[in-house]
Amino acid sequence: MLDRIGEEVARATSLVRYAPGSHFADHTHSGGEEFIVLEGTFQDEHGDYPAGTYVRNPIGTHHVPRSDDGCVIFVKLWQFDAEDQSQFSIDLNTLPLEQVEGCAGIAHGMLSERNNELVVLEEWDPNILRSFGDDGGAELLILDGSVLWQGEHYGRNDWIRLPGGKEFTLSAAANGARVWIKTRHLRNVTGPQAPN
């Protein structure tokens with residue numbers, strides 16, 4: 001568990017490891033889910049999702065998840081806008097990236113954009129500085145390379161949460177970095193309401 005608000009039904013961000021041959025029963029995403037496959041292959045009745053796949057399952061979708069060979073996923077539950085009904089999966093390894101205007105050394109690809117959420121994949125050249133302002137906070141998951149922040153070194157699969165209301169500057173290390181980033185979503189954070 002990386003972050004949790006709530007009890008049995010919770011707004012949660014977690015790393016989940018599926019043992020080989022493990023599965024869950026068919027279930028509905030009452031609060032939606034998004035996840036990134038970090039290792040192995042995640043599977044359900046819709047297909048196979050190898051490492052590097054980003055998946056969004058909106059509120060009301062359902063599936064029977066499993067992993068024949070085992071996998072590790074980074075997953076966020078109960079954090080979907082009810083009006084967001086876009087269900088998709090993207091191979092982050094092949095996502096086209098474009099240079100960010102006015103930010104030399106940073107390229108990005110859009111994954112999702114709404115008033116209360118911006119999700120992108122970014123590649124940072126070695127030693128590039130990346131600033132985050134008061135844009136509703138930020139979460140970063142390091143997918144490759146490494147990032148320096150507050151004197152600490154963050155590598156593959158490390159997670160950083162930056163609260164809103166402040167400015168932060170991070171740096172790519174000498175090997176550069178590839179980072180999943182979510183912003184705007186930490187304003188007025190509340191936990192989910194348990195179903196009646």
Side-chain angles (χ1 to χ4, degrees), residues 1-3 13-17 33-42 48-57 71-76 79-81 84 86 88-187 189:
M1 188 65 62
L2 299 172
D3 186 36
T13 301
S14 311
L15 288 174
V16 176
R17 181 181 305 277
E33 76 169 1
E34 65 182 316
F35 64 89
I36 301 171
V37 183
L38 301 177
E39 299 173 12
T41 301
F42 176 93
D48 292 356
Y49 306 95
T53 307
Y54 173 66
V55 179
R56 290 179 67 92
N57 290 321
C71 68
V72 176
I73 63 172
F74 168 83
V75 61
K76 299 178 70 60
Q79 298 178 44
F80 251 81
D81 181 337
D84 181 358
S86 180
F88 63 86
S89 64
I90 293 177
D91 181 354
L92 297 179
N93 299 309
T94 61
L95 180 70
L97 302 181
E98 298 178 354
Q99 283 299 127
V100 176
E101 188 175 332
C103 297
I106 300 176
H108 78 162
M110 187 70 61
L111 296 170
S112 178
E113 183 173 19
R114 301 181 63 77
N115 287 337
N116 61 351
E117 172 187 78
L118 175 64
V119 186
V120 297
L121 175 69
E122 289 190 357
E123 285 190 359
W124 302 351
D125 285 352
N127 306 311
I128 284 293
L129 298 179
R130 173 64 160 92
S131 296
F132 294 89
D134 185 17
D135 192 17
E139 281 183 75
L140 297 86
L141 180 68
I142 316 307
L143 299 177
D144 284 306
S146 51
V147 170
L148 303 174
W149 179 52
Q150 296 185 331
E152 297 290 330
H153 190 106
Y154 296 87
R156 187 172 184 274
N157 297 345
D158 284 343
W159 176 77
I160 298 171
R161 185 180 191 272
L162 306 172
K166 297 181 180 181
E167 291 195 7
F168 300 90
T169 299
L170 292 77
S171 170
N175 56 346
R178 195 162 172 269
V179 187
W180 174 90
I181 301 171
K182 185 170 186 170
T183 58
R184 301 181 185 166
H185 65 300
L186 296 176
R187 297 184 187 112
V189 172

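Since we're looking at a predicted model, the values are computed, not measured.
Screening residues 165-177 for salt bridge (charged side-chain N to carboxylate O under 4.0 Å, His left out) gives no qualifying pairs among residues at least two apart or on separate chains.
R156 places none of its side-chain heavy atoms less than 4.5 Å from the side chain of I142. With a 4.5 Å cut-off on side-chain heavy atoms, H108 and I181 do not count as touching. L170 is listed as a side-chain neighbour of L140, based on a closest heavy-atom distance under 4.5 Å. For the pair N57/F35, a side-chain contact is recorded, criterion being any heavy-atom separation below 4.5 Å from C-beta on. Counting heavy atoms from C-beta on, the side chains of V119 and W180 come closer than 4.5 Å. Contact annotation: the side chain of D3 approaches that of W159 to within less than 4.5 Å [non-hydrogen atoms, C-beta and beyond]. Counting heavy atoms from C-beta outward, P163 and L186 have side chains that stay 4.5 Å or more apart.
Between R184 and E117 there is no salt bridge, since none of the side-chain N atoms of the basic residue sits less than 4.0 Å from a carboxylate O of the acidic one.
Within 6.0 Å of the CD atom in E113, the count of heavy atoms belonging to other residues, nucleotides or ligands exceeds 12. Environment of CZ in R114: crowded, with over 12 heavy atoms of neighbouring residues, nucleotides or ligands closer than 6.0 Å.
For the side chain to side chain contact (heavy atoms under 4.5 Å, CB included) test, residues two or more places apart in sequence or in another chain that qualify with T53 are V37, Y49, P50, V55, S89. The side chain to side chain contact (heavy atoms under 4.5 Å, CB included) check on E123 picks up L97, R178, with sequence neighbours excluded.
Listed for the D84 side chain is a donor-acceptor partner under 3.5 Å among the backbone atoms of S86.
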